[in-house]
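For reference, the structure discussed in these notes is given below.
Naming convention: chains lettered A, B, ... in sequence-line order (proteins, then strands); numbering from 1 in each chain. Heavy atoms only: backbone and side chains are in, while hydrogens, waters and symmetry mates are out. Just so we're clear, the structure is a prediction, and the values are computed from it rather than from any experiment.
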Amino acid sequence: MIVSKDIVILSSICYDITVKYYTNLEIAVLFRKMAAAYQILDENRFKIIAYERAADSIEHLTSEVKDLWDDGKLAEIPGVGATIVGHLDELFKTGKVKHFESVMSKVPQSVFPLLSIPGVGPKKAYKLVKELHLRNEKTAIHDLQKAIEKHKVEPIEGFGQRSEEVISENIKTYRKGAVKEKRIVLSEADAIAESVISYLHKQKYVQHIDVLGSLRRRVATVGDIDMAISTTKPKEAITYFCTYPHTKIIEQGPTGASLLLHNGRQVDLRVQDAQSYGAMLQYFTGSKNHNIALRTYALTKGLSLSEYGIKRIQNSEFRIQNKDAKNKDKERIKQFSNEKDFYKYLGMDWIPPELREDHGEIDAALKHTLPNLVNLPGIKGDLHIHTSFNLEPSHDLGENTIEEVLDRADTLGYDYIGISDHNPSTGNHTDEEIIRIMEKRHNFYRDHVENWNNKYNKSIQAFIMLEVDIKPDGSLALPKKAFDSVDAVIISVHSSFSMSKDDMTRRIKSALLAHSKVKILGHPTGRLLGEREGYEADWKEIFRICKERSIALEINASPYRLDLTDALVYDAVKLGCVCSINTDSHHVLEMGQMKYGVSTARRGWAQKRDIINSFGYNEMKKWLMP
DNA sequence: GCCGTTTTCGGCCCGACTGTTTTCAGTCG
């Protein structure tokens, strides 16, 4: 979950520097700084929450706030009301917000870097800055460490010997870079989770194990790995969990424990008995915003939700009176052994974890209009596979032969595949050479696929496709005549990523219109998780053309890409576009990564009808080669 | 400061843990 911690990652973006263009992330950071400042100034806590909400919501937006401002649509952002619209207006017009400046002037800037230390929030940071006279924003953490060495923190009111030690330790953790900033991709998180799960399964008193949090929701990147078990022996289970190889026990209590593993990842375990396991799953799956929305709704029905179950409340006064009568409350709590019943009790359908982001799923669950999401068994083929056939491309060849690819497709139960090697390099060949290579390739695949099917008495169909580069000017890196040797093509950007939004939009648009055999736009945003942000483009415009020309948007299933992103899948599907979930495999093992693309599609509310490779072969052929 | 599922005022999610405390504040998820 996003907390004020990432304020410091961008500490170079000082609020008072006047810049003309603010990115969403910069605005989110600015708002979180405002929330922290308000906390220090003891402002109304709901105002603080409002700024944090607005920051979250802006950070996860698919369009740029600046563009919404241009279109006068700022108020459509959830959590952004009249006041913040006014502030953003001022920010975009003048590069600053007078009200923010006046608030910031009351708070020493050196508190903000301290917020990146785990366990240090705005209040503690402020106290430390004030008592220790930490005036320099750039050296604040270093200066704090020095003060700790001289034991100057211990005597400060509200601190003590133990907190001095803890802060010192946490500064070291932060310095090592072990703190949250580095999220990992789903496949890595899966591997860690599987290892812990098999370790826990060795104990017979462990009944159920489930992965929770962002990993269960299949978010593209994961911070902590959350899991839950139901057991008859909670105490033993937690003690046993803490024997899993680790560098540090971060926390250990009667309801769970957190470990820091050798690889720097944190694993949180929650423990519950079987009767309340459903409520626990629901609660720790999140997202935070989904749970807040769900609880807000429940309150209107006089119900209060927690990880233990659901209890009836009369009014808020009653709640306060009963705060100390906790045990009594627990007796009256309605327990749920599974999630379905939990949601049912609230009058709604069970919500698939991938949808739990407070994007309208609660409303849909109440009205019984949740989408029937696409799933892995519904996938009939993979249209983006590279083989080792050497057509002298400008990018990587695949590592396996067409036969090995067909073997694997058979194992995966596919009806068809698309062979989509990179186009022959244009620099090293004349057009005539490329046309000859492409003809040779076509015959090669036709013969080899037929032979393979005859040999094994199978009937896997292969579309002979190609992944063609979109050149910087928007033309395609394949001579017109060479299109005769393919059934259809995927077009992708593989170079010149840093272009202006307008230029990139023009480039992609012209490539989409370049040839009638263009049927798929490959990894549309070009992002590489943890390495490269996707480029910007006018997606609405691109989606519009794709819909018009019957071109699918690829959901590239590589866990390092997941591109289209979930949020853009949502937009695309809503506009009536179709998508194609492809693995872009360069090795047959990667063909197993289809599940990551499927979960991304599900997070984008995609149904079977929105995904072309859930079509059977005949329908697919009709769509791909009209 | 937001928002309307009790709709333009009066609410706003809930609990665990930690450390410094003797009933609570701060932080976290």
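Taking the P atom of each, B/dC17 and B/dG11 are spaced 31 Å apart, rounded to whole Å. The gap from the P atom of B/dC13 to that of B/dG4 amounts to 14 Å, rounded to the nearest Å. For B/dT8 and B/dA16, the C1' atoms lie 37 Å apart once the distance is rounded to whole Å.
Dashed line: the shortest gap from a side-chain N or O of A/S304 to OP1 or OP2 of B/dC14 is under 4.0 Å. The side chain of A/T296 places an N or O atom within less than 4.0 Å of a non-bridging phosphate oxygen (OP1 or OP2) of B/dC13.
Checked for salt-bridge contact, A/R32 and A/D56 meet the test: a charged N lies under 4.0 Å from a carboxylate O. By the 4.0 Å N-to-carboxylate-O rule, A/E357 lies close enough to A/R217 to be salt-bridged with it.
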Pairs: protein N or O with nucleotides 22-25 of chain B N or O, under 3.5 Å:
none

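In a base pair of the Watson-Crick type (N1 to N3 plus N6-O4 or O6-N4) or a G-U wobble (N1-O2 and O6-N3), with each distance short of 3.5 Å, B/dG11 is matched with B/dC2.
Contacts with DNA chain B (heavy atom under 4.0 Å) in residues 346-366 of chain A: none are found. DNA chain B lies under 4.0 Å from at least one heavy atom of each of the following residues of residues 157-167 of chain A: A/G158, A/F159, A/G160, A/Q161, A/R162, A/S163, A/V166.
Within 4.0 Å (heavy atoms only), A/L305 reaches sugar-phosphate atoms of the nucleic acid but no base atom. Note on A/Y38: only backbone sugar-phosphate atoms sit closer than 4.0 angstrom, heavy atoms only; bases stay farther off.
Side-chain atoms of A/Y283 come within donor-acceptor range of the base of B/dG29, with a qualifying N/O pair under 3.5 Å.
Place A/K124 and A/I250 on DNA chain B by their nearest nucleotides, and A/I250 ends up nearer the 5' end.
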